[in-house]
There are 2 protein chains.
Amino acid sequence: MEPRAARITDVARLAGVSTATVSRALSKPETVAESTRNAVLAAAEKTGYRVNLSARNLRRQRTGAIVVLVPNLGNPFFSEILAGIEAALSEADINMLVVDTRQAHSKPQLILEYLHASRADGIIALDGSLPDEILAVAGADTGAPPIVFACEWTPNGAFASVRANNVRGGELAIAHLADLGHRRIGMITGPGTNVLTEARSRGALSALETLGLALDPAHLFPGDFSLNAGAGAARAWLGLDRRPTAVFCQSDQMAFGFISELSRHGVSVPADVSVVGFDDIAIARRFIPALTTLRQPRERIGMTAARLLMEHVRTNTTPAIETTILEVELIRRDSTRAPGG
Amino acid sequence: MEPRAARITDVARLAGVSTATVSRALSKPETVAESTRNAVLAAAEKTGYRVNLSARNLRRQRTGAIVVLVPNLGNPFFSEILAGIEAALSEADINMLVVDTRQAHSKPQLILEYLHASRADGIIALDGSLPDEILAVAGADTGAPPIVFACEWTPNGAFASVRANNVRGGELAIAHLADLGHRRIGMITGPGTNVLTEARSRGALSALETLGLALDPAHLFPGDFSLNAGAGAARAWLGLDRRPTAVFCQSDQMAFGFISELSRHGVSVPADVSVVGFDDIAIARRFIPALTTLRQPRERIGMTAARLLMEHVRTNTTPAIETTILEVELIRRDSTRAPGG
DNA sequence: AACCTTTATGTAATCGATTGCAGTGCGGGA
DNA sequence: TCCCGCACTGCAATCGATTACATAAAGGTT
């Protein structure tokens, strides 16, 4: 047996009322008489009625979903942000659609599909480097759904965003190393065009300047946040005559790659070189050595972005270009110590 | 200016045809005359028309989305599976809804909402321990959407699933350690009720038996796949008189926790004890020491599950209770060596 | 008693696209 | 010339729920 799914008319008939009353009894219970409400609820229960969302959404002109644009779903860095977003959305009974934007540059059409009110009520972008083509559509007040950036943001600053205080993170990393007595400090950066790279670098450079320390260009290792980039930087470090005694890695992943590759060449952290990471991903406290790093509240960033977006969805407004900055925290562990120890 | 979004009637008017023709020109182009088709496409382009999905879905009686039930979105283990699912779905222009099931036991109603045809055309469950209440509904042929399990599965085996050969993984882990000369082999398991725990343990135990080795109950450390569980097992290991010379950890995370905690107590891997993990997550090759582990093709598991599900969605059939098993591979790295070396 | 509120419910239009069925016009075969 | 079939296209019903508006009944006021 496979009975057709119950519709609102079935419930109405069984309860002896009109469909309008059923609809009201379920979504605005206080507007119908108690006896009627009970009859409707009983009938709904009996028939196993569940509202048809396509019909509701069509009528209400909304979708009940927001989409999250993730630069690379396979990267575990994003999972906690997603968890935060999901937690906030599920409270409000809103669905989370997840889309990987790896193809965004080759096939922007694919992503553009989502920037449309009939797909989603709003958008959270975790990817600051979406092609201009897409940003233009998202920014125009052509009825595209509201958009909020989380963690990353766009260089032109044309959208609301929720993010960590990356500049401060860069400052704290350098200040910590300098406190320990380091004077020759290197840095492994993210991708050159990335906004996080720029912010963390700016913080680090300004701290160095304040301290009267210069950054030797040979001690600046360009990376891309990945394990392999860290390993590559390690090989560059090994090739130097005058090596930095400490290195600020702009992501934990790069720190792991760096330490790991050094270890293979018999160089030990923190004995031979101190390392600071960024992110405080779960494994950081269990790496060997446990990694000193900057914690950014990824789950909270996700939740905050989701709440901000929902607010705009609810009030049907374009998000003001506001930037919410959440603080980072230096977590001291075992990968840093005084130089030459 | 915010012009109302173009509807199909707008396109029809501009192209001088009926809405029926517009609809056909867009979704079954070969059924309309070429000249008409061009006129429609031009009109669609000019008006910026995008089909309204709620309306289409209502009429077509489908949702164009499948939902993925994730036990804990914050756990990075799942991100690669999600990436695989997303890749397969996006090819077919199907959306991926992600839902965290952490609350499934306390509020099964919340998850039940999704087991309904008006929410999603199908379901992929990454969580083998959904409450019976939910499984009953999913299994009944009450019009609930088809469901496929990925990575995990249900103990009663009542659903189709795609998974790694966990039993074989357990066997390979033990065989590898025995090959190296280990005779006293311990094991850190996952949660007692988990199907993965059962399968991996079964493989390990049968391999031990084949080799004529027994598992000392004191060498069986109950865990839960987490970093902390591994650390806890390390403390138990340290407390033993006769310690195993090798330990098979049923997840990489536990292996990291185990190695890390041992390291804090001056015990070194693999010099003092060999360790095999399970999963081959990205960091495994960069841990210190690089982790010997069993690779399971997580992305491929995700893709395969998604394709299987889509097939059933397309043909509108309940998935036969078929089990697709993908092979695991032993990756030899530096955390294992001959005992007493 | 007449009139006004308030509360509860029903009627029917509406959201936007799809598709079964019916028509139209044209070309070819008998 | 007549008829049939084919290729297109249009008409209008349909998917299922929501909600503006109308109506009815009950209660309150003067």
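Quick note: numbers below take in every heavy atom, side chains included, and nothing from hydrogens, waters or symmetry partners. A note on names: the letters A, B, ... follow the listed sequences, proteins ahead of strands, and every chain is numbered from 1. All figures in this text were calculated on a predicted structure; none of them were measured in a lab.
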Reported CG-to-CG distance for the pair A/Leu53 and A/Leu58, which is rounded to 0.5 angstrom: 12.0 Å

Closest contact, heavy atoms only, B/Leu82 versus B/Val68: CD2-CG1, 3.8 Å

Rounded distance (Å) that lies between atom C1' of D/dA17 and atom CG of B/Asn57: 15 Å

Check against salt bridge (charged side-chain N to carboxylate O under 4.0 Å, His left out), B/Arg50 and A/Glu113: CA-CA 8 Å; B/Arg50 309 213 91 93; A/Glu113 280 300 315; 2.8 Å; yes

Enumerate, atom names and distances included, each donor-acceptor pair closer than 3.5 Å involving a side-chain atom of residues 305-312 of chain B, sequence neighbours excluded.
from, atom 1, to, atom 2, distance (Å)
B/Glu311, OE1, B/Arg314, NH2, 2.9
B/Glu311, OE2, B/Arg314, NH2, 3.3
B/His312, ND1, B/Thr317, OG1, 2.9

Over-ring placement of B/Arg163 relative to B/Phe149, 6.0 Å and 45° cut-offs: no

B/Ser118 (side chain) donor-acceptor with A/Val51 (main chain) under 3.5 angstrom: yes

A/Ile321 side, atom CD1; A/Thr154 side, atom OG1 - distance, nearest 0.5 Å: 8.5 Å

Covered region of DNA chain C, 5' end to 3' end, by chain A [heavy atoms, under 4.0 Å]: C/dA8 to C/dG16

Annotated protein contacts, base or backbone, on nucleotides 6-14 of chain D with a non-hydrogen cut-off under 4.0 Å, one of B, S, - each: --SBBB-BB

A/Thr47-A/Asp10 side chain donor-acceptor pair, cut-off 3.5 Å: no

